[in-house]
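Before any comments, here is the structure.
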Amino acid sequence: MTVTIEDDVYDYLEKRAADETRTVPNLLAHLAAIAMKESQESQDQQTRDHQTKP
């Protein structure tokens, strides 16, 4: 996969990755997994809310 990222964003990711002892690709994969999990949880909550409305 190829991703184009603005220089300032890459600089931030590079620093954060170093702080977490990760590579930038590993950090991006980790952040994508977190975003996916949060999205799924949000969708699940919306489904539950919709099912409980009268």
Side-chain angles (χ1 to χ4, degrees):
M1 175 187 306
T2 301
V3 179
T4 302
I5 299 175
E6 297 290 327
D7 290 341
D8 60 329
V9 175
Y10 187 83
D11 291 342
Y12 167 80
L13 292 170
E14 195 170 42
K15 182 179 180 329
R16 180 166 170 181
D19 290 346
E20 296 183 18
T21 318
R22 297 178 182 268
T23 63
V24 172
N26 179 264
L27 175 63
L28 290 173
H30 175 70
L31 294 173
I34 289 172
M36 182 185 72
K37 181 179 176 186
E38 289 174 355
S39 177
Q40 288 173 333
E41 289 172 353
S42 177
Q43 288 176 356
D44 291 347
Q45 183 62 47
Q46 288 175 2
T47 299
R48 285 191 297 274
D49 290 347
H50 180 64
Q51 290 174 345
T52 59
K53 287 185 180 179

Report, one line per pair, each donor and acceptor closer than 3.5 Å where one atom sits in a side chain of residues 3-11; sequence neighbours left out.
none

Would you list the atom pairs, donor with acceptor, under 3.5 Å between side chains in residues 27-42 and any protein atom, with sequence neighbours excluded?
none

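A side-chain donor from one of Arg48 and Gln45 sits under 3.5 Å from a side-chain acceptor of the other.
Sorted by first and then second residue, the salt bridge (charged side-chain N to carboxylate O under 4.0 Å, His left out) pairs with a member in residues 18-28 read Lys15-Asp19, Arg16-Glu20, Glu20-Arg22; sequence neighbours excluded.
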